[in-house]
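Here is the structure we will look at, set down as structure tokens.
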Amino acid sequence: MYQNLLFDLDGTLTDSAEGITKCVQYALAKMGIDEPDLHKLEVFIGPPLRASYIKYFGLTPSQAEEGIAHYRERYTTTGIWENKVYPGMMELLAALKQDGRRLGMATAKPEVFALRIAERFGFNEYLEDVTGCTLDGKTDNKALVVAAALEKWQLRTPEQKAAAALIGDRREDVLAAHANGIACIGVGFGFAAPGELQEAGADHYAATMDELRRLLLPDQCS
């Protein structure tokens, strides 16, 4: 099984639905757009926010930047902590580290926020690296984030990459992993639509935390 594991953050390590959707709702309201249904805003969880503003609300790039600014007004103080670690995840990370795996985070969230979350929730005890996007949007592409994470570990050859995998919950994770020549393990406890990960070509699929543990640590789950 894979020796080098990169974990997505939103929808994989943590359930961040409340914080992200409420901050998107807040930002849209500031721009005169009323969306009372937070569930509809879960499409924003995972992909870069700029792209989601444009795709789902038809905003222009400049309007998307305004939406980002309003989003961060609430996110930086409140939304970032409307977030919780998935049950069983910390135990899984501990078991993987004990097994000698190399663990890191690769997220489309700005790295400055991902670092704060990793510290607050105790991920730093298990994760060697945290890699995310820049605030200016220049790296708003999950494939670029994964590439940067792999470079930190100097995983460059096909042979080295064969021992690496990205664990994530959205199609963007599958595409980013494959763009960098590594496998993707899709998880069903995040925010993917039914069939989304399979259609994107995920190499493995774990519907639950227990299934993910059995996949990654089969010798401990016999």
Could you work out the complete set of other residues in the hydrophobic cluster of Leu197, with links drawn between I, L, V, M, F, W and Y side chains under 4.5 Å apart?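 Answer for Leu197: Val174, Tyr205.
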Quick one: hydrophobic cluster around Ile54, which other residues, with the 4.5 Å side-chain cut-off, linked directly or via members? none
Rounded to the nearest 0.5 Å, what's the gap from CG on Leu150 to CD1 on Ile182? Could you check?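 Answer rounded to 0.5 Å: 5.0 Å.
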Measuring from Leu115:CG to Phe123:CZ, what's the distance to the nearest 0.5 Å? 12.5 Å
Residue pair [X] / [Y], side-chain heavy-atom distance below 4.5 Å:
{"X": "Asn83", "Y": "Phe121", "value": "yes"}
{"X": "Met209", "Y": "Arg213", "value": "no"}
{"X": "Arg101", "Y": "Lys97", "value": "no"}

Name all pairs fulfilling the salt bridge (charged side-chain N to carboxylate O under 4.0 Å, His left out) condition that reach into [range], sequence neighbours left out, sorted by first residue then second.
{"range": "residues 176-204", "answer": "Arg170-Glu196"}
{"range": "residues 80-93", "answer": "Asp15-Lys84, Arg74-Glu82"}
{"range": "residues 112-125", "answer": "none"}

Any chance NZ of Lys55 has more than 12 other-residue heavy atoms, nucleotides or ligands included, within less than 6.0 Å?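 Not buried by this count: 12 neighbours or fewer within 6.0 Å.
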Report, as yes or no, whether the 6.0 Å neighbourhood of atom CD on Glu35 holds more than 12 heavy atoms from other residues, nucleotides or ligands. yes
Is there a donor-acceptor pair closer than 3.5 Å between any side-chain N or O of Glu111 and the backbone N or O of Gly132?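 Yes.
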Donor-acceptor pairs under 3.5 angstrom involving side-chain atoms of residues 36-53: please list them, not counting sequence neighbours.
from  : atom 1 : to     : atom 2 : distance (Å)
Asp37 : OD1    : His39  : N      : 3.0
Arg50 : NE     : Glu65  : OE2    : 2.6
Arg50 : NH1    : Asp140 : OD2    : 2.8
Arg50 : NH2    : Leu135 : O      : 3.1
Ser52 : OG     : Pro48  : O      : 3.4
Tyr53 : OH     : Gly67  : O      : 3.2

Over all heavy atoms of both residues, which pair between Val146 and Ala176 is shortest? Give the atoms and the distance, please. CG2-CB, 4.0 Å
For Gly104 against Trp153, the heavy-atom pair lying closest together: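 Result for this residue pair: N-CH2, 3.5 Å.
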